[in-house]
Protein chains: 2
Amino acid sequence: MHVLIVEDEKSLHDEVRQFLLESQYLVDSAHTYGEASEKIFVNSYDFVLLDLGLPGGDGLDLLREARRNDQQEASFIILTARGALDDRIKGLDLGADDYLPKPFSLLELQSRMQAIMRRKFGLKRQEITFGSGFSMDVSGRVLRQGDQEVALTKKEFDLLHYLVLHKNRVLTRLQLGEHLWGNVLEDDSDSNYIDVHIKNIRKKLSAFAPTDFLETVRGIGYRVTE
Amino acid sequence: MHVLIVEDEKSLHDEVRQFLLESQYLVDSAHTYGEASEKIFVNSYDFVLLDLGLPGGDGLDLLREARRNDQQEASFIILTARGALDDRIKGLDLGADDYLPKPFSLLELQSRMQAIMRRKFGLKRQEITFGSGFSMDVSGRVLRQGDQEVALTKKEFDLLHYLVLHKNRVLTRLQLGEHLWGNVLEDDSDSNYIDVHIKNIRKKLSAFAPTDFLETVRGIGYRVTE
DNA sequence: CTTCTACAATCAGGACGTGCATAGAAATTC
DNA sequence: GAATTTCTATGCACGTCCTGATTGTAGAAG
């Protein structure tokens with residue numbers, strides 16, 4: 001499950017992010033209107049947690065825009081301090097899936113998300129397939145090739161998961177770093193830890209099947225192709 | 001056993017709740033129609049004790065809605081002051097499992113619940129099997145391997161039960177803590193009590209059969225595999 | 001075609017994090 | 001208050017992740 005947190009207040013953002021990460025969600029963050037708009041447009045999320053009091057624009061416009069672009073399948077949950085019933089009604093009118101007044105407990109957030117998921121998917125398990133016979137069971141955190149299990153470490157699994165989730169799109173090291181570590185730390189990263197992880201993933205997978213679906217795009221980053 | 005009490009009158013609610021807690025049920029409460037609807041949707045209960053005179057909507061609608069959504073396996077017991085035969089018939093028509101006119105004694109409630117459980121599970125007790133010949137009798141709170149009984153403490157049993165219920169899914173310590181202790185996070189509890197329980201479970205089970213079905217997923221949590 | 005250069009792949013060593021074991025303190029039960 | 005259960009504290013062992021240096025390679029320029 002892929003979640004975008006749109007929230008400018010750092011402490012709240014961090015708290016929610018941490019919680020969702022530990023609950024095994026894949027988390028993205030945006031702190032301004034522009035950033036949020038861009039990410040929603042580029043990526044596909046399962047959930048968008050949307051704060052209304054944003055710098056740079058009204059969060060409700062984001063929702064409106066996203067709904068107009070009907071490719072967007074994300075469920076929107078509106079978070080706001082404004083107790084105004086107005087906003088709530090407007091939000092739900094515009095197609096928000098739920099509304100959570102601040103302050104809220106993380107447990108409540110989780111149960112709302114689960115409720116929406118049930119409504120949306122029922123109980124069917126989520127599996128992603130790619131490459132030559134690989135299938136990734138996200139909730140079980142298992143990667144299989146045929147019926148053999150491929151052992152990956154946490155970072156390896158997360159990295160591959162993120163790449164597979166964005167099949168056919170090139171992801172830069174910066175993007176991968178940001179999503180897997182949350183902190184950008186600018187582009188001073190003379191480090192090559194992502195390359196190392198990629199190498200290790202390739203090595204492990206190659207024992208089972210060819211790994212040419214995991215491509216290097218020179219000068220940019222990596223891509224998983226169909 | 002997980003029970004939801006839907007009842008707006010506080011004193012009656014509290015009395016029933018207290019009683020069920022002491023009878024080792026896991027109890028949830030809802031005081032309005034909306035709250036009840038949400039909880040039924042989100043969680044899965046074994047019993048719903050349903051008051052009909054609810055603020056916010058007719059309790060019978062709840063029942064209807066829940067039955068339509070056929071994932072819901074809860075047994076409904078209708079509690080109402082209205083002596084009207086009408087409601088009784090309507091309720092049972094809609095799939096209620098029993099009907100209890102107020103005022104009722106707690107002992108009567110208990111015996112009705114037990115009757116339903118007997119009807120539901122019959123003589124074939126509800127059993128979950130896993131690992132190499134282990135079977136868990138949930139209602140009797142007994143774990144067996146073959147025909148030998150494995151003695152577990154309450155916490156151990158609950159923990160294993162929860163893991164087994166979610167076979168093939170990785171559960172984080174956070175998730176386990178939440179469901180078994182109602183733990184709120186806040187402090188990134190560096191406690192290792194879950195690890196200790198897992199270790200004790202493994203030790204006890206390993207005297208009977210291999211315990212490799214109970215896996216550690218490094219950096220994430222634990223998983224029981226098929 | 002050859003050379004050059006920027007980038008990627010590889011490798012090994014070490015710091016760190018995570019889980020396990022043990023023991024004992026605290027809490028609960030009888 | 002004794003016994004069992006549950007939680008806390010600590011040291012250790014090992015797997016994971018990152019670093020830094022080195023080797024390999026693709027693509028452009030000569």
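It should be emphasised that the depicted structure is a prediction, and the values quoted were computed from it without experimental measurement. Below, read A as the first sequence line, B as the second, and so on, with proteins coming before strands; counting in each chain starts at 1.
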Problem - Over 12 non-hydrogen atoms of neighbours within 6.0 angstrom of CD in A:Glu38 - result: no
Practice task
Compare the minimum distances between each of D:dT19, D:dC18, C:dC7 and the side chain of A:Ser191, then state the nucleotide with the smallest one.
Solution key: D:dT19
Problem - d(CD1, B:Ile194; P, C:dG19) in whole Å - result: 11 Å
Fill in the blank from the handout: Rounded to whole Å, the CD1-C1' distance (A:Ile201 to C:dT10) equals 15 Å
Handout entry: OP1 or OP2 of C:dC20 under 4.0 Å from side-chain N/O of B:Thr216
Key = yes
Handout entry: B:Leu214 CG to C:dG19 C1', straight-line distance once rounded to whole Å
Key = 13 Å
Practice task
Would you kindly give the CZ-to-C1' distance between A:Arg218 and D:dA28, to the nearest whole Å?
Solution key: 11 Å
Exercise for the section: Compare all side-chain heavy atoms of A:Val16 with those of A:Glu7 and state whether any distance is below 4.5 angstrom. Expected result: no
Problem - CG/A:Asp147: more than 12 non-hydrogen atoms of other groups inside 6.0 Å - result: no
Problem - Residue pair A:Arg223 / A:Thr225: nearest heavy atoms and the distance that separates them - result: NE-CG2, 3.7 Å
Handout entry: Nucleotide nearest A:Asn192 (side chain, heavy atoms from C-beta), chosen from D:dA9, C:dT10, C:dA8
Key = C:dT10
Exercise for the section: Please test A:Asp137 against A:Arg144 for side-chain contact (heavy atoms from CB on, under 4.5 Å), starting from the C-alpha separation and ending with a verdict. Expected result: CA-CA 8 Å; A:Asp137 171 357; A:Arg144 272 181 263 271; 4.1 Å; yes
Exercise for the section: Please give the angle, rounded to 10 degrees, between the axes at the start and the end of the helix from C:dC1-D:dG30 to C:dC30-D:dG1, where five pairs define each axis. Expected result: 40°
Exercise for the section: May I have the distance from B:Asp195 (atom CG) to D:dC12 (atom C1'), rounded to whole angstrom? Expected result: 15 Å
Problem - Sole residue of B:Thr216, B:Asp212, B:Thr211 in side-chain hydrogen bond (donor to acceptor under 3.5 Å, both in side chains) with B:Arg202 - result: B:Thr216
Handout entry: Validation row, ring centre A:His161 to ring centre A:His2 under 6.0 Å
Key = no
Handout entry: Comparing B:Gly221 and A:Gly221 on DNA chain C - which has the more 5′ nearest nucleotide
Key = A:Gly221
Exercise for the section: Between A:Ile198 and B:Lys203, just flag the one whose closest nucleotide in DNA chain C comes earlier from the 5' side. Expected result: A:Ile198
Practice task
Can you tell me the distance, in whole Å, between the CG atom of A:Asp158 and the C1' atom of D:dC18?
Solution key: 16 Å
Problem - N/O (side chain, A:Arg202) to phosphate O (OP1/OP2, C:dT10) under 4.0 Å - result: no
Exercise for the section: Tell me what B:Lys199 touches on the nucleic acid: a base, only sugar-phosphate, or nothing, going by heavy atoms under 4.0 Å. Expected result: base
Handout entry: Nucleotide nearest A:Thr153 (side chain, heavy atoms from C-beta), chosen from C:dG17, D:dT5, D:dC17
Key = D:dC17
Practice task
Go through C:dG19, D:dC18, C:dC7 for me and flag the one nearest to the A:Trp181 side chain.
Solution key: D:dC18
Fill in the blank from the handout: Looking only at D:dT19, D:dT8, C:dG19, the nucleotide nearest the B:Val196 side chain is D:dT8
Handout entry: Side chain B:Asn200 and base D:dT5 donor-acceptor under 3.5 Å
Key = no
Problem - Distance in angstrom units between A:Tyr193 OH and C:dA9 P, rounded - result: 16 Å
Exercise for the section: Please work out if B:Tyr222 contacts a base, only the sugar-phosphate, or nothing of the nucleic acid, heavy-atom cut-off 4.0 Å. Expected result: sugar-phosphate
Fill in the blank from the handout: Testing D:dC17, D:dA26, D:dC7 for proximity to the side chain of B:Lys155, the answer is D:dC7
Practice task
Find the distance A:Leu159:CG to D:dT16:P and express it as a whole number of Å.
Solution key: 16 Å
Problem - Minimal non-hydrogen separation, B:Ala36 against B:Leu4, with atom names - result: O-CD2, 4.3 Å
Fill in the blank from the handout: Per atom distances to the A:His197 side chain, the nearest of D:dC18, D:dG27, C:dG19 is D:dC18
